[in-house]
Structures are given as structure tokens and as C-alpha cells.
Amino acid sequence: MRSPSSFSALLLGEMSVCLRAPTWAISESEAESETDTKDEEKTVTAVSASGNHRNKTVASCRLAPRDRQTPSPTPVRKRRTKKEIEEDKLKVEERKEAKERQKRARAQEKEQKRQEQRRRREAAEQLRSLRPENCLKNLNISIDPALLQYDDADVLLDTLRTFEWRFSIESQRFPHSITWTRDLPQLGEDGEGTVEEEPVVVLLSLNDFLNMAITVKKMMDGEGEEAGGKASFLDPLLEFCDLDAKKEVTLLVITANGSHVCDVHLLNEMLQSRMRMKNLNIEEVLVYLQLCRNLSLVFLDDWQEVTNYLCAVTKALSKRPLKLLTERAELPFCVDGSWASGVRVERDGSGLRQVWSRQIQQLNRVSPAVASAVTAAYPSPQLLLQAYRSVGSEEARKGLLAGILVNTEGKERRIGPEISSRVYRCFVEQNPHLVLD
């Protein structure tokens, strides 16, 4: 009989064999059969039965067989056909083209926005340049050198320098004249250009005007051929006016020594005393020059008044572009947009019925409901006029619209004879001074 110590040694030896055997079997061979594993488990169980205090430790020695690692199958790649390759290429090209189209569309949209901003900026700059204070900077006053012979011509030059206006001393097509030119930056390839203004001012002395009046009187009396040699001043002036019909020529007559000769009677007396022409009427000369030759005459006392007149003309020219722009704006009967009493009419005719309804509402005490009832019965003014012509008597025409029903807030009523009669008079009456109401 074995001692307890020998039994413990045997048990430990068996346990070590039990622990090492499965590890060696797994590491050396993965093809061990299941029966060997079961036998080992039975041996370990029998040994553990003799020593109950070792059951938990021995039971933990049970090892499960290791799972076999099988490699995953490699997927077989399907070979594409030429058709599929071509289709893929086409799809790639289509995606590229779509991206290019989007890129071009975005670039075009950006370019359009830039152009729109540039147009708005140019329009704003052009509108800003049309302001009188800016137009005044673009005006240039051209003065003929012959005018500097007058003693008081320095008054004009000093005034222009004080205002810092542009002026130049240049020979003009007609002597003793003053013209205006305007710089237009938007014209020309280099962005600059000039244009001549229509007004032309010609300065005359009183003697020159009296000689011209005598020549005009002889021309009116049919003696122009005899006075042709003496009309040295009038003939070039008329030729100058004929060359450019758009020019607006004004004759400034400077009186001598500040004597006021604007009165017609004083002019007639002066002509009769100096020129010994009793039948000369200065009014006839002025009418002939203004109506027949488009020449305006202004009588001034001295160069200070001449300077004031020229400054007034210059300021008027600076305001002209902006006034022309505002006068050029179209104001049709039906404007675009919404306003208090306007209706927009499209090209297809939509909106005309509303205009017809608003036309009836212009009469006193004609509500929108009444106007809608009339337009529903007669959709156009022409149909209403045809209905008036088809009725025989005058009373029947006046009461043609009286029986039309009007629906207001769920209640029905008739238009009545009063409104019907006023509408009739409005459309058929020929007297423009007739009071409808």
C-alpha cells in the first residue's frame, strides 16, 4: 500500500503529463484524432476522482482542440469586354464634359455679372458727368481775338478766370463771335471727343447794327442789288447761317456810352436822324431778322451786361444734357410696375380689360363693383358703342346699362338710370364743355 506522499507525487506527475501532452500534440500535429483527446480526458477525470480536493484544478486542465484555420477563397476577377470598357470610357468623358460645362457656365455667369456691373458703373459715371457742375467743367468758351480790341473786354476775361471756367482765344469762322464746345469722354477710340454747341453769339457795335438795318430795309423794299456793295457785314452773316442751319445765332448790340436804346422809338429816331430814312421802322427789321433769317437781337449797354449774358448762356448749356435726358424718358399710358391707378398691358393684350374698368371708374360715384359689372356685360368700349348704335331711341340708350345687376357684399342691386345716363353721355357726347355730373 502506497503512502499519501507517494500518491501525491504520482498525481502531480500525471497532471504534468496531462498538461504537457495536449500542448505537444497541438504544436506537432494538427491531424490528431478525436479518440486520443477523449482518452486523455478520461484519464484526467479518473485521477481527479481519487483526490476530491483537486477536482477544480484538474477540470481546468481540459483543453479543447484548436480550430483549424482555412484560408479564404480568392475572388475570381471577371474580365471586362471591350464594349464595357468603351462604355466606361464614355461615362468618364461625359462626366468630364459635364464638369467642363458647369465650369464654363459659372465662368459665363461671372462674366455676365462683371459686364452688368461695368455697364451700371459706366451708366452711373455718365449720369454723374451730366450734372451741371460736371458739365460746366467740360465746356470751353472760344472767343474771337477781334473782340479783345474793345477797351472793356477785360471784364469778360476777368470774370471767366474768377469762375475758373475754361476759355480760349481762337479765330472763329465768323469774326467778332463767341462759341462753345463740349468735351465728351465717351466718344472716340481714345475715349475723348468734342462737339460744338448750337449757340453762337456775335457782338456788334451800334453803328454796325444801324448799317445792317438799312441794308435789311432795302432788301425788303427790293433794292438789295443796289445795296449789295455796302452790305459787307450782313452778307457774310447770312452765308454763315446758311452753312449750318442748326446754329442759333444771337446778335449782341453794344450801345455807346451806356445810352439806353432798347426802346423802339429811340432807335427809329436815331435812324431817321443819322441815316435820314423817314420810312424806316425798326420793328420790321427785327421781325424780318428773327422770322426770316432766324437771327435774335439783344441790346446791351456795356461789357458788364455782355459778360452777364454770356455767363447765363454758359450755365444754360451746362444744364441742357440733364434736361434732355429727363425729357427723353418715355411716359406711355400704361407704365411698367405698379402704381396708384395704372395697369400694365402686355403684348398679348392682357390687362386691357382692367384698363377699360379703370376708365369707367373715372366717373363720379362709380365703384369698382359697378365697373366690373359693366365690363362683364360689355368687355370692350367698342362693344358698348355698338350696343348704343343698335338701340333706336335716345331714352333707351341712356337706360341701356340701368338693368345690369351689381353684386356688392352678397347683395344684388341694379346700376340704375343715373349712372347709365352718365356713362352714355361720356361715350357719345360731342360737346367737350359738357358737365357730366
Side-chain angles (χ1 to χ4, degrees), residues 116-145 147-148 152-174 176-203 240-241 244-254 290 294-332 335-337 339:
E116 183 66 23
Q117 291 176 357
R118 186 171 61 253
R119 284 194 295 268
R120 291 180 180 178
R121 186 167 54 253
E122 291 176 356
E125 291 177 357
Q126 184 177 4
L127 183 61
R128 195 181 302 111
S129 64
L130 294 180
R131 293 179 180 176
E133 60 272 14
N134 295 327
C135 285
L136 201 56
K137 300 177 182 178
N138 297 328
L139 283 175
N140 182 52
I141 306 173
S142 301
I143 303 174
D144 190 77
L147 295 177
L148 301 180
D152 298 334
D154 295 337
V155 176
L156 174 62
L157 301 181
D158 294 340
T159 304
L160 296 179
R161 293 191 188 98
T162 303
F163 290 155
E164 296 182 355
W165 291 353
R166 294 169 51 190
F167 68 93
S168 59
I169 310 300
E170 299 177 359
S171 299
Q172 304 298 314
R173 289 188 294 175
F174 190 79
H176 296 80
S177 64
I178 299 175
T179 59
W180 287 263
T181 57
R182 185 191 305 274
D183 294 339
L184 300 178
Q186 66 272 18
L187 296 180
E189 296 180 356
D190 56 350
E192 295 183 357
T194 57
V195 62
E196 294 184 1
E197 297 291 346
E198 290 82 1
V200 177
V201 175
V202 180
L203 274 73
F240 174 76
C241 296
D244 193 350
K246 295 182 180 180
K247 293 296 183 180
E248 301 173 359
V249 181
T250 302
L251 303 179
L252 297 184
V253 181
I254 304 176
Q290 187 170 4
N294 197 21
L295 296 175
S296 300
L297 277 90
V298 179
F299 296 94
L300 302 175
D301 294 336
D302 51 15
W303 269 90
Q304 184 61 49
E305 292 188 1
V306 172
T307 302
N308 296 337
Y309 180 85
L310 295 177
C311 292
V313 174
T314 305
K315 292 180 180 179
L317 289 176
S318 66
K319 299 177 182 178
R320 175 180 287 186
L322 189 60
K323 289 184 177 181
L324 292 177
L325 182 64
T326 55
E327 292 175 358
R328 199 181 302 139
E330 297 181 358
L331 295 176
V335 299
D336 294 341
W339 51 296

- Message: Any non-hydrogen side-chain atom of Ile141 less than 4.5 Å from a side-chain atom of Leu310?
- Response: no
- Query: Quick one: SG on Cys135 to NZ on Lys319, what's the gap to the nearest 0.5 Å?
  - Reply: 12.0 Å
- Task: Answer whether the closest heavy-atom distance between the side chains of Val201 and Tyr309 falls below 4.5 Å.
- Result: yes
- Note on the structure: Contacts of Arg161 meeting salt bridge (Lys or Arg N to Asp or Glu O under 4.0 Å) (sequence neighbours excluded), chain-then-number -> Asp158
- Query: Are any of the side-chain heavy atoms of Pro132 and Leu322 separated by less than 4.5 Å?
  - Reply: yes
- Query: Quick check: are there more than 12 heavy atoms from other residues, nucleotides or ligands sitting under 6.0 Å from CG of Asp244?
  - Reply: yes
- Query: Do the side chains of Thr314 and Leu160 get nearer than 4.5 Å, heavy atoms only?
  - Reply: no
- Message: Walk me through whether Phe167 and Leu157 qualify under side chain to side chain contact (heavy atoms under 4.5 Å, CB included).
- Response: CA-CA 9 Å; Phe167 68 93; Leu157 301 181; 3.9 Å; yes
- Is atom CZ of Arg119 surrounded by more than 12 heavy atoms (other residues, nucleotides or ligands) closer than 6.0 Å? yes
- Message: How about CD on Glu116, more than 12 heavy atoms from neighbouring residues, nucleotides or ligands closer than 6.0 Å, or not?
- Response: yes
- Message: If you define the side chain from C-beta out and look only at heavy atoms, does anything of Ser318 sit under 4.5 Å from Leu139?
- Response: yes
- Message: To the nearest 0.5 Å, what is the distance between CD1 on Ile169 and CD1 on Ile143?
- Response: 4.5 Å
- If you round to the nearest 0.5 Å, how far is CD1 of Ile254 from CD of Glu305? 10.0 Å
- Looking at Cys311 and Phe163, what are the two nearest heavy atoms and their distance? SG-CE1, 3.9 Å
- In chain order, what residues pass the side-chain contact (heavy atoms from CB on, under 4.5 Å) check against Asn134, with sequence neighbours excluded? Arg128, Arg131, Lys137
- Could you pull out all residues at least two apart from Glu198 that satisfy salt bridge (Lys or Arg N to Asp or Glu O under 4.0 Å)? Arg320
- Task: Side-chain contact test, heavy atoms from C-beta onward, threshold under 4.5 Å: evaluate it for Asn140 versus Asp183 and give yes or no.
- Result: no
- Query: Which distance, rounded to the nearest 0.5 Å, do you find between the CZ of Arg166 and the OG of Ser142?
  - Reply: 9.5 Å
- Message: Would you say that Phe240 contacts Val202 through its side chain, given a criterion of any heavy-atom pair below 4.5 Å between the two side chains?
- Response: no
- Interatomic distance, CG@Leu148 vs CG@Leu156, rounded to 0.5 Å, equals 9.0 Å
- Please report the closest heavy-atom contact between Lys247 and Asn294, naming both atoms and the distance. O-ND2, 4.4 Å
- Task: Pick out which of Asp144, Thr250, Leu147 makes a side chain to side chain contact (heavy atoms under 4.5 Å, CB included) with Leu203.
- Result: Leu147
- Query: Looking at Trp180 and Pro199, what are the two nearest heavy atoms and their distance?
  - Reply: CE3-O, 3.7 Å
